[in-house]
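In what follows, a structure is listed as structure tokens, so that the remarks can point back to it.
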Amino acid sequence: MSRIEQLNRQKGAEGKGRGRWLALSVLVLAVLLVAVDATVLGLATPALSEDLKPSGTQLLWIGDIYSFVIAGLLVSMGSLGDRIGRKKLLLAGATAFGAVSVLNAYASSPEMMIVARALLGVAGATLMPSTLALIRNIFQDPRERSLAIGIWGATASAGAAVGPVVGGVLLQHFWWGSVFLINLPVMVALVLVGIKLLPESKNPVAGPWDLVSVALSLVGVIGVVYAVKEVATHGPTWGVWAAAVIGGACLYAFVRRQFSLPSPLLDMRLFKHRGFSGAVLADLLTVFGLSGLVFFLSQFLQLVQGRDPLEAGLAELPAAIGAVVTGLVAGRYARKYTVRVIVTGGLAAIGVALAALTVIHKETGYPLLGAALLVVGLGAGFSFTVTADVILSSVPKEQAGSASAVSETAYELGAALGIALLGSVVTGVYQSFTAPASVSAQVADAAHESLGGAVEAARALDPQTASQMVGAAQDAFVDGLRLASGVGAAVLLATAAAAWFLLKGQELQDGIEH
């Protein structure tokens with residue numbers, strides 16, 4: 001080979017390498033879009049509650065309907081991306097996400113907000129599987145892919161940090177709906193740059209998109225999660241049992257149907273891979289333990305400790321910083337110390353940090369909260385990054401969309417269940433507080449709906465009575481938060497033990513794939 005040919009080939013390889021990393025910069029914008037949206041909602045909850053006056057149940061639905069819909073549609077959207085093209089689906093979903101964010105910003109009632117959040121979930125379901133699937137196809141070298149996944153995860157964590165801070169600034173100067181409008185510039189940048197930089201990829205031998213499977217997965221997931229949520233909140237009723245039976249039957253039918261289709265929506269044989277199943281379980285239960293806590297922590301910082309929205313957002317930064325730091329090095333350490341050591345250690349660290357939060361009270365100083373959040377972030381960065389790598393590495397690149405969708409389904413389903421169950425623990429304990437005897441039944445009922453409702457209702461009372469009622473409500477809320485932290489800690493420590501056995505012998509790939 002001549003010297004000129006060698007130089008041309010080297011330049012081509014360098015150009016291709018730069019193209020890979022520029023394409024990754026577009027993909028992380030999509031992650032940033034979803035992460036920012038998820039975190040600013042928790043920060044805006046007190047202001048939203050004051051304006052829209054949702055009931056306690058409506059407030060939980062506002063918090064978790066987004067995750068419910070995403071969880072129900074992720075598998076379908078991941079499979080759709082495999083068929084029509086992941087770039088096409090990503091850009092269409094980003095456009096829809098930005099448009100529906102405007103609807104969220106201007107919602108005028110709890111019912112409208114719930115519908116808007118559900119539609120945002122539909123759009124969001126197109127984004128996450130597409131980003132991971134494109135990473136799987138763009139980065140053929142496993143070590144490069146591990147770093148790319150680390151950057152992907154770190155961006156999600158950075159978004160979780162940026163969201164509360166930017167949201168706090170907006171909430172101090174504008175109405176709560178402004179926190180959703182920050183999605184628009186990110187969406188515009190993603191679409192304009194993505195058109196130029198992202199390569200298209202899809203499964204060349206994928207069959208037709210099975211709409212029956214789409215319906216079964218959507219109804220199944222939403223039915224089961226709804227039943228779990230309602231049992232935790234209101235106890236078993238005929239409606240709850242009906243939802244559970246219908247949801248369970250649909251999921252069973254979905255699984256049976258996948259085995260019978262020549263081109264299934266989701267290849268169920270993936271779950272025969274022990275590392276794949278263990279990574280999915282770790283994802284689901286990690287988020288389960290975290291999400292309910294995070295959803296209520298912003299309320300604790302603002303409504304119990306009296307911090308303003310910006311201060312509350314800054315107080316939550318250690319978790320994101322920890323996740324960014326460990327996410328970037330997780331792949332390297334997993335190759336050095338094995339996958340199961342890193343994942344198990346990450347899960348155990350989160351469990352211990354949540355256990356530490358079982359001793360918090362209204363006057364707890366920030367050092368304990370900050371340290372616990374930092375450890376949670378460090379553990380999550382290790383666990384999430386390595387399990388995502390394991391899931392993507394376990395399948396051929398043609399099935400990257402479906403595998404990514406399974407990973408993201410576990411994440412979103414864990415978030416939905418965490419908010420539903422751990423949130424219901426907090427709500428159940430909170431609603432047991434006793435209002436002062438002089439308070440009318442109407443005011444007491446409003447106060448028992450949510451802590452934000454209690455603060456709002458207290459404004460109509462004399463200062464002494466208002467102080468007594470808010471103090472009792474805050475004590476009950478903290479009691480619920482402590483109990484939820486304990487439940488989350490138990491779940492995470494049990495998951496760490498399970499991961500130790502399920503991930504035995506699992507390794508990340510080395511070298512370039514051919």
Side-chain angles (χ1 to χ4, degrees), residues 70-83 125 128-129 132-133 136 149 203 205-207 209-210 212-214 216-225 228 247-288 339-340 343-344 347 383-417 491 494-509:
I70 282 187
L73 286 175
L74 275 170
V75 169
S76 300
M77 292 301 182
S79 179
L80 182 62
D82 286 343
R83 286 163 168 78
M128 301 304 279
L132 268 180
R136 174 70 173 85
I149 291 172
N203 187 345
V205 295
W209 200 49
D210 184 46
V212 174
S213 295
V214 172
L216 288 173
S217 65
L218 178 62
V219 175
V221 170
I222 292 180
V224 169
V225 175
V228 172
C250 286
L251 289 179
Y252 177 76
F254 173 81
V255 172
R256 291 290 301 270
R257 186 172 179 84
Q258 302 319 293
F259 282 116
S260 67
L261 291 174
S263 299
L265 202 69
L266 174 63
D267 188 353
M268 301 304 298
R269 291 171 296 182
L270 295 174
F271 290 94
K272 293 181 179 180
H273 189 293
R274 182 163 48 86
F276 184 90
S277 298
V280 171
L281 178 66
D283 272 359
L284 190 153
L285 293 180
T286 298
V287 182
F288 170 87
V339 166
R340 77 168 180 171
V343 174
T344 300
L347 293 169
S383 179
F384 284 143
T385 304
V386 175
T387 52
D389 205 338
V390 168
I391 290 170
L392 284 183
S393 301
S394 301
V395 302
K397 64 181 182 179
E398 291 78 14
Q399 293 181 296
S402 295
S404 303
V406 171
S407 173
E408 292 303 319
T409 299
Y411 185 97
E412 295 298 341
L413 187 57
L417 289 173
V491 169
T495 306
W500 180 259
F501 294 100
L502 289 172
L503 297 176
K504 181 181 180 180
Q506 182 67 45
E507 295 180 356
L508 296 184
Q509 295 175 327

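These numbers come from the heavy atoms of this one structure, side chains and all, not from hydrogens, waters or symmetry mates. Computed from a predicted structure; not experimentally measured.
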Where do [X] and [Y] come nearest, in terms of heavy atoms and distance?
X: A279; Y: V390; answer: CB-CG1, 4.0 Å
X: S383; Y: T387; answer: O-OG1, 2.8 Å
X: V219; Y: C250; answer: CG1-SG, 3.7 Å
X: L502; Y: L281; answer: CD1-CD2, 3.8 Å
X: W500; Y: R340; answer: O-NH1, 2.8 Å
X: L251; Y: V224; answer: CD1-CG2, 3.9 Å

Would you say F254 and S213 make side-chain contact, with heavy atoms under 4.5 Å?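 Yes - at least one pair of side-chain heavy atoms lies under 4.5 Å apart.
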Between [atom1] of [X] and [atom2] of [Y], what distance do you get to the nearest 0.5 Å?
X: R257; Y: S217; atom1: CZ; atom2: OG; answer: 11.5 Å
X: L347; Y: T495; atom1: CG; atom2: OG1; answer: 6.5 Å
X: L216; Y: Q258; atom1: CG; atom2: CD; answer: 8.0 Å

Which residue, T344, V343, V386, forms the side-chain contact (heavy atoms from CB on, under 4.5 Å) with L503? V343
Evaluate the criterion side-chain contact (heavy atoms from CB on, under 4.5 Å) for residue pair S76 and L218; output intermediate values, then yes/no. CA-CA 8 Å; S76 300; L218 178 62; 6.0 Å; no
Tell me, yes or no, whether the heavy-atom count around F271 atom CZ, taken from other residues, nucleotides or ligands under 6.0 Å, exceeds 12. yes
